[in-house]
Amino acid sequence: MTTRPPPRPRPTGPPCSTSRASTPTGPSSASSSSASAPAAEPVGPAGPGAGSVARMAKAPILTPQAEDFPRWYQDAVAKAELADNGPVRGTMVIRPYGWAIWERMQAEVDERIKATGTQNAYFPVLIPESYIEREKAHVEGFSHEFWTVTHGGGKELEEPVVVRPTSETVFGIYMAKWVQSYRDLPLLLNQWANVMRWELRPRLFLRTSEFLWQEGHTAHATEADAAAFAARVLHDVYEDFMVDVLAIPVLTGRKTSRERFPGATNTMTLEAMMRDGKALQMGTSHELGRNFAEAFDIRYLDDNGDQQLCWTTSWGVSTRMVGGLIMTHGDDRGLRLPPRVAPVQVVVLVVRDEQGAGERARLIVEELRAAGVRAELDARVDTSFGRRAVDWELKGVPVRLEVGPRDLANMSLTLVRRDHEGKDTIPLDGVGSRVADLLDDIQASLLHEARLRRDGGTAEVTSLDDAVEAARTGFARIPWSAVGDEGEDRLAEHGVTVRCLQRADGGLPAADDEPDLVAVVARAY
RNA sequence: CGGGAAGUGGCGCAGCUUGGUUAGCGCGCAGCGUUCGGGACGCUGAGGUCGCGGGUUCAAAUCCCGCCUUCCCGACCA
């Protein structure tokens, strides 16, 4: 984490990348491997057991996090087969395993959204430019990120259309049409969609030009109702999902005015700490005041027969969460997925198909599935054991059960959990319930570990200098009164931003100018 | 968008400075055999419009121009 290990000669790829002047084969690689073997990252005095010694002798599968975190991230995404870059800059191909994770996320988030009474709908990807221009702050904030379509059917369009960067404007138009009376409120809508924003520096999942998300749009009769709903989504949908399912501890708070969504009167955020100490905004929920209601004439007749403007909100979480999941839990051996999002919770690996191990493994998979566990069989016995073990570790599958002749002779199984070192031997009987309990345990322990790391990486400070210093490796909490607008400028000079404002107890402020607020500052993705 | 680096079989690279018959290597992949409880080994084999488009030349992976893409650093963002 403290980045800046002495620049090692060439810790990775000794097998081939070392050669430059000499022959690229035998001799040089032999000498270089003997030279770099002792230098191989001291994976930790903690790394016990015989297995890790054997592992260290080989080139690491992924670039170690401590050596180059961004590189590690890319390696992890590639080796776990989550995604590839698309052919157009900033676009992303999500591979089946990555998509399976996203599907799990969608299912969990969607369920929580519906629990608020919100209904799903779908709005078009193309938006007339004139719509977007109706809300002044909104255009100003977004115009530099537009992808604009100027031609259709080979002819220039009379009015260019924008590929949606977000859909407040189209929702606004139709909300105005659908809302007539206070009896129509609140109007609670959501859509799952793709959006496009011009990006200067794309990174898979974290920042791509096209990304997938859910965007909720609601209209309310009163400001209080809108504010309450936006906060409800923040906590009951997003925070609950992130903590409970993703095992990612998040800080919730209010954005400063400069970090606010274009067109919003209040932006609330969920911020998580990645393993390199940087912050990632995992989701947002906005109060839009009457800004969009005015721009799109979203009005209703109240119970006195008077015309009133609505109060609207919008909120979203995106595929970026996949990146957050990787960077929160992943280690040098790959992903570590919390069981509740893991597409595969348990892999049952046939070591060798002898003594009926293959058949036994099939039965275990069936038993697990019957117990409600997402279990997968790995019977590729023509691939070496180590190879397969490494594959599943890269993919972050929480539990691996190994079934081989040796286990069957003892009527037992070998169990390996991904969240920490070591193997256990468990009896063959009662695998289903035992594993189900274990998954809960792993879920809890990943959350616990992430919490400890976040709390340990957060410093309480009182000066901007100390905040900048602390932000080199983690978060800093500093009285908002010690920062202010000029303070934000100073922090920005060091690549540090105010991630959110909180009350001293971590609660959500009702306004920016509440006394005694605390600013959480950090470097961010 | 500014600064830096780089695009050569799926991946990682060499070759380019001093253009010249069949463009190499490691990993991966396929077949066979030996193996098998932590990325196995041997043999055989498949796979390349050298990012794209122009130009120079008898001849271009190699030289020149333009574009695209990726990575790192900054400013913008979920």
Side-chain angles (χ1 to χ4, degrees), chain A residues 12-26 28-29 49-62 68 70-71 74-75 78-79 84-91 141-145 165-166 195-215 258-259 261-262 267 269-271 280-286 314-324 333 349-354 357 381-394 400 402-407 413-414 416 423 425 492-493 495 497 524-525:
Chain A
T12 50
C16 47
S17 62
T18 46
S19 67
R20 157 169 300 189
S22 62
T23 52
T25 45
S28 73
S29 75
S52 63
V53 174
R55 202 179 308 120
M56 283 172 60
K58 297 193 163 79
I61 292 164
L62 305 175
D68 185 343
R71 188 74 176 257
Q74 288 170 226
D75 287 356
K79 296 265 173 119
D84 263 332
N85 283 307
V88 172
R89 178 184 168 75
T91 60
F142 270 113
S143 56
H144 294 298
E145 299 180 56
T166 179
V195 286
M196 292 199 74
R197 299 178 186 180
W198 186 257
E199 285 295 346
L200 303 177
R201 200 175 152 193
R203 315 185 72 188
L204 289 173
F205 292 114
L206 299 174
R207 186 184 292 103
T208 45
S209 266
E210 179 187 15
F211 59 93
L212 305 181
W213 75 347
Q214 143 287 304
E215 49 177 321
R258 71 172 64 186
E259 301 272 331
F261 174 78
T267 288
T269 178
L270 302 103
E271 302 281 332
L280 181 72
Q281 179 171 310
M282 298 277 292
T284 48
S285 184
H286 317 287
S314 69
W315 28 277
V317 291
S318 71
T319 36
R320 170 180 269 192
M321 292 191 296
V322 177
R333 286 155 61 183
L349 193 153
V350 181
V351 177
R352 259 184 299 161
D353 193 4
E354 292 171 15
V381 289
D382 53 347
T383 300
S384 77
F385 171 82
R387 155 81 41 183
R388 292 182 289 148
V390 166
D391 279 352
W392 293 110
E393 279 170 2
L394 283 166
R400 185 170 75 245
E402 301 172 1
V403 187
R406 212 151 80 197
D407 301 293
L413 293 172
T414 302
V416 187
K423 297 190 176 191
T425 300
E493 290 166 15
T497 49
Y525 277 96

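Lettering of chains follows the sequences in order, A, B, ..., and the numbering in each one begins at 1.
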Need one value for [X]: base, sugar-phosphate or nothing, where a base atom within 4.0 Å counts as base even if backbone is also close, heavy atoms only.
X	answer
A/D407	base
A/A492	sugar-phosphate
A/T166	nothing
A/P70	sugar-phosphate
A/G316	nothing

What interatomic distance, in whole Å, is found between [atom1] of [M] and the corresponding atom of [N]?
N	M	atom1	answer
B/G38	B/C52	C1'	44 Å
B/A75	B/G2	C1'	9 Å
B/U49	B/C32	C1'	33 Å
B/A61	B/G7	P	16 Å
B/G19	B/C77	C1'	47 Å
B/C41	B/A5	P	38 Å
B/A59	B/C16	P	22 Å
B/C50	B/C25	C1'	16 Å

(message) Please check this pair: side chain of A/R388 against backbone of A/V350, looking for a donor-acceptor N/O pair closer than 3.5 Å.
(response)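 Answer holds: yes.
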(message) Test your reading of the model: is there a side-chain donor-acceptor pair from A/S209 to the backbone of A/R197, 3.5 Å cut-off?
(response)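 Yes, the answer is positive, given that a donor and an acceptor are paired below the 3.5 Å cut-off.
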Just how far, in rounded Å, is [atom2] of [N] from [atom1] of [X]?
X	N	atom1	atom2	result
A/N85	B/C11	CG	P	12 Å
A/D382	B/U34	CG	P	15 Å
A/D391	B/G28	CG	C1'	12 Å
A/L204	B/U70	CG	P	9 Å
A/D68	B/C73	CG	P	8 Å
A/R400	B/G39	CZ	P	12 Å
A/L394	B/C11	CG	P	18 Å
A/D353	B/U35	CG	C1'	16 Å

Value rounded to 0.5 Å, distance of [atom1] in [X] from [atom2] in [Y]:
X	Y	atom1	atom2	value
A/Y525	A/R203	OH	CZ	5.5 Å
A/R320	A/T208	CZ	OG1	9.0 Å
A/L413	A/D407	CG	CG	6.0 Å
A/T497	A/Q281	OG1	CD	9.5 Å
A/E402	A/L349	CD	CG	6.0 Å
A/Q214	A/W315	CD	CH2	5.5 Å

(message) Students often mix this up, so state it plainly: with edges at 30° and 60°, are the rings of A/F261 and A/H286 parallel, tilted or perpendicular?
(response)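 Aromatic pair A/F261/A/H286 classed parallel.
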Is there a Watson-Crick or G-U wobble partner for [N] with both distances under 3.5 Å, and which nucleotide is it?
N	answer
B/C71	B/G4
B/C58	B/G20
B/U34	B/A40
B/C76	none
B/C25	B/G12
B/G66	B/C52

(request) May I have the step-by-step check of side-chain contact (heavy atoms from CB on, under 4.5 Å) for A/V351 and A/R406, ending in yes or no? (result) CA-CA 10 Å; A/V351 177; A/R406 212 151 80 197; over 6 Å; no
(request) Please determine, for the side chain of A/R89, which listed nucleotide (B/G38, B/U70, B/G39) has the closest atom? (result)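 Among the listed nucleotides, the one closest to the side chain of A/R89 is B/U70.
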(message) Nearest to the side chain of A/S384, heavy atoms from C-beta on, is which of B/G39, B/G37, B/G38?
(response)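 Ranking B/G39, B/G37, B/G38 by closest atom to the A/S384 side chain puts B/G39 first.
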For [N] and [X] - does any side-chain N or O of the residue sit under 4.0 Å from the phosphate oxygens OP1/OP2?
X	N	result
A/R387	B/G38	no
A/Q74	B/U70	no
A/R203	B/C72	yes

Check nucleotides 76-78 of chain B for protein N or O atoms closer than 3.5 Å to its own N or O atoms and list the pairs.
| residue | atom | partner | partner atom | Å |
| --- | --- | --- | --- | --- |
| B/C77 | O2 | A/R207 | NE | 3.2 |
| B/C77 | N3 | A/R207 | NE | 3.1 |
| B/C77 | N3 | A/R207 | NH2 | 2.9 |
| B/C77 | N4 | A/R207 | NH2 | 3.2 |
| B/A78 | O3' | A/Q281 | NE2 | 2.1 |
| B/A78 | O2' | A/Q281 | O | 3.4 |
| B/A78 | O2' | A/R320 | NE | 3.2 |
| B/A78 | O2' | A/R320 | NH1 | 2.5 |
| B/A78 | N6 | A/T208 | N | 3.0 |
| B/A78 | N6 | A/T208 | O | 2.5 |
| B/A78 | N3 | A/S318 | OG | 3.1 |

(request) Ignoring hydrogens and angles, answer whether the base of B/G39 and the side-chain atoms of A/K79 contain a donor-acceptor pair closer than 3.5 Å. (result)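 Under the 3.5 Å cut-off, the side chain and the base do not form any donor-acceptor pair.
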(request) Name the residue closer to the 5' end of RNA chain B, choosing between A/P405 and A/G90 according to the nucleotide with the nearest heavy atom. (result)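 With A/P405 and A/G90 compared, the 5'-side residue is A/P405.
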